[in-house]
Amino acid sequence: MKKTELLYEGKAKKVFRTDNDDTLHVEYKDDATAFDGKKKEMLSGKGRLNNEISALIFAKLHELGIPNHFIERISQTEQRIRKAEMIPLEVVVRNRAAGSLVKRLGLERGQDMTPPVIEWYLKDDNLGDPLINEEHIRVLGAAAADELTEMKALALRCNTALIELFQNAGLILVDFKLEFGRDHSGRIILADEISPDTCRLWDAKTGDSLDKDLFRFDGGNLQGAYETIFSRLGGLTNDV
Ligand code: ADP
Ligand code: UDP
């Protein structure tokens with residue numbers, strides 16, 4: 001299958017059409033952005049690590065029967081995915097308080113919140129991805145009520161699977177963001193990426209952040225931390 005024209009270039013990935021209408025070709029970039037793109041840097045190796053980690057996680061979720069867009073890893077920085085009609089929402093699942101939730105509610109960072117808190121954000125850079133509720137989603141027509149129910153159920157199943165996956169790697173899954181789309185038959189599937197760019201992961205022993213917070217707050221060696229996550233998940237760094 002061949003990649004054809006560039007369909008979209010986002011902050012972290014380039015998405016290409018292919019000669020098959022149902023599939024897309026994705027390239028992970030080394031760019032890092034935070035705070036709505038206000039902080040930006042090139043971090044060599046980040047694209048490879050996010051592609052590898054995301055491919056490994058989506059393959060695992062596929063094995064567990066969670067419908068998703070992943071087809072195959074093509075190279076260290078590329079993968080093939082099923083094309084979806086993206087739903088313009090970011091679904092955040094939180095097991096512990098961190099980031100914007102701590103700021104908004106004044107909770108203590110790290111506070112356990114089991115059962116997990118689910119939040120919806122509108123994916124709209126111009127509006128700064130605002131936090132919204134199900135009534136707002138209805139008014140915006142972003143997704144139907146039964147689709148929200150399905151996305152919530154899938155997000156909770158992902159959470160259960162990912163908590164265990166990361167726990168076995170000595171990592172605490174603090175929170176993460178998911179995106180969903182509709183496949184050609186209208187079925188809701190998990191899409192986009194799951195990586196240390198989109199999850200907060202803390203070392204279970206030391207409590208150190210091993211995720212994008214290292215970039216957000218200039219906390220040290222981001223690529224080293226992502227490499228640690230990849231190898232603890234069983235990834236092999238040297239194949240091409
Ligand atoms: P952003 O748009 O946030 O800057 P990226 O750089 O990660 O994000 O770009 C990837 C784009 O591809 C995002 O807009 C994402 O919603 C979209 N996307 C992810 N998975 C799929 C899919 N299976 N089908 C179509 N589009 C997808
Ligand atoms: N997140 C993301 N993309 C976004 C916003 C958030 O991947 O556009 C992830 C983020 O990495 C974290 C979780 O969603 O794992 C919750 O993020 P939060 O609302 O705390 O926002 P932040 O303070 O990280 O901007």
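Whatever order the structure lists them in is the order used to number ligands and atoms, beginning at 1. Along the sequence shown, residues carry numbers from 1.
When distances from atom 9 (C) of ligand 2 to the protein are checked, a heavy atom turns up under 4.0 Å.
Between A84 and ligand 1, a contact under 3.5 Å exists for at least one N or O pair. Some N or O of K11 is nearer than 3.5 Å to an N or O of ligand 1, by distance alone. At under 3.5 Å, not a single nitrogen or oxygen of K83, backbone or side chain, sits near a nitrogen or oxygen of ligand 1. Remark: ligand 1 and L24 share no N or O pair separated by less than 3.5 Å (distance only, no angle test). Checked against a 3.5 angstrom limit, the closest N/O atoms of R200 and ligand 2 fall inside it. By the 3.5 Å distance cut-off applied to N or O atoms, E90 is counted among the residues near ligand 2.
Each of the atoms 14 (O), 16 (C) of ligand 2 lies under 4.0 Å from some heavy atom of V92. Close contacts between ligand 1 and A191 involve ligand atoms 20 (N), 23 (N) [criterion: under 4.0 Å to a heavy atom]. Close approach of ligand 2 to D129 (heavy-atom distance below 4.0 Å) involves ligand atoms 8 (O). Taking a cut-off of under 4.0 Å to the non-hydrogen atoms of Y121, the atoms of ligand 2 that pass are 19 (O). Interface atoms of ligand 1 facing H69, defined by a heavy-atom separation under 4.0 Å, are 20 (N), 21 (C), 22 (C), 23 (N). Taking every non-hydrogen atom of G99 and a distance limit under 4.0 Å, the qualifying atoms of ligand 2 come out as 20 (O), 23 (O). Listed by number with element, the atoms of ligand 2 under 4.0 Å from a non-hydrogen atom of K177 are 1 (N), 2 (C), 3 (N), 7 (O), 9 (C), 14 (O).
Of the listed residues (V91, L178, N159), just one forms a side chain to side chain contact (heavy atoms under 4.5 Å, CB included) with I118, and that residue is V91.
At least one heavy atom of R94 sits less than 4.0 Å from an atom of ligand 2. A heavy-atom separation below 4.0 Å is not found between V174 and ligand 2. For the ligand labelled ligand 2, residue K212 lies outside the 4.0 Å heavy-atom shell. Distances shorter than 4.0 angstrom occur between a heavy atom of R216 and an atom of ligand 2.
For atom 20 (N) of ligand 1, the closest non-hydrogen atom on the protein side is D192 N, 3.1 Å. The nearest heavy-atom contact from the protein to atom 23 (O) of ligand 2 is S100 N, 3.2 Å. Of all protein heavy atoms, the one closest to atom 7 (O) of ligand 1 is K13 NZ, 2.6 Å. Nearest protein neighbour of atom 16 (O) of ligand 1, counting heavy atoms only, is E179 OE1, 2.8 Å. The closest protein non-hydrogen atom to atom 12 (O) of ligand 1 is V15 CG2, 3.6 Å. The nearest heavy-atom contact from the protein to atom 9 (O) of ligand 1 is Y8 CE2, 3.5 Å. With respect to atom 3 (O) of ligand 1, the closest heavy atom belonging to the protein is K123 NZ, 2.8 Å. Closest to atom 26 (N) of ligand 1, if we only count protein heavy atoms, is M86 CG, 3.4 Å. Nearest protein heavy-atom contact of atom 6 (O) of ligand 1 is A12 N, 2.7 Å.
Hydrophobic cluster membership differs between L61 and I189, with clusters built from Ile, Leu, Val, Met, Phe, Trp and Tyr side chains linked at under 4.5 angstrom. Hydrophobic clustering (ILVMFWY, side-chain heavy atoms < 4.5 Å, transitive): I66 and L56 are in one cluster.
Contact annotation for C199 and ligand 2: only backbone heavy atoms (N, CA, C, O) come within less than 4.0 Å of the ligand.
Between the side chains of T18 and N20, no donor-acceptor pair of N or O atoms lies under 3.5 Å.
Within the 3.5 Å criterion, the main-chain N or O of S54 finds no donor-acceptor partner in the side chain of S195. Put simply, the side chain of D129 gets close to the backbone of D124: a donor and an acceptor are under 3.5 Å apart. Between the side chain of K29 and the backbone N or O of G10 there is at least one donor-acceptor pair closer than 3.5 Å.
In this structure, the side chains of L173 and L165 stay at 4.5 Å or more apart for every pair of heavy atoms. The shortest side-chain heavy-atom distance between K60 and L233 does not fall under the 4.5 Å cut-off. Taking 4.5 Å as the limit, some side-chain heavy atom of V92 sits within range of a side-chain heavy atom of K177. For the pair T77/D30, no side-chain contact is recorded, criterion being any heavy-atom separation below 4.5 Å from C-beta on. You'll find the side chain of R182 reaches within 4.5 Å of the side chain of I87, heavy atoms only. Side-chain contact between H136 and L122 is absent, with no heavy atoms from C-beta onward closer than 4.5 Å. Annotation: side chain of E27 is not in contact with side chain of E9 (no heavy-atom distance under 4.5 Å). Within the 4.5 Å cutoff, side-chain heavy atoms of L148 are placed close to those of L89.
Using cut-offs of 30° and 60° on the angle between ring planes, the pair H25 and F16 is perpendicular.
Closest heavy-atom contact between K83 and D21: NZ-O, 3.1 Å.
Taking each of D213, D197, D175, L201 in turn, the one with a heavy atom nearest to atom 12 (C) of ligand 2 proves to be D175.
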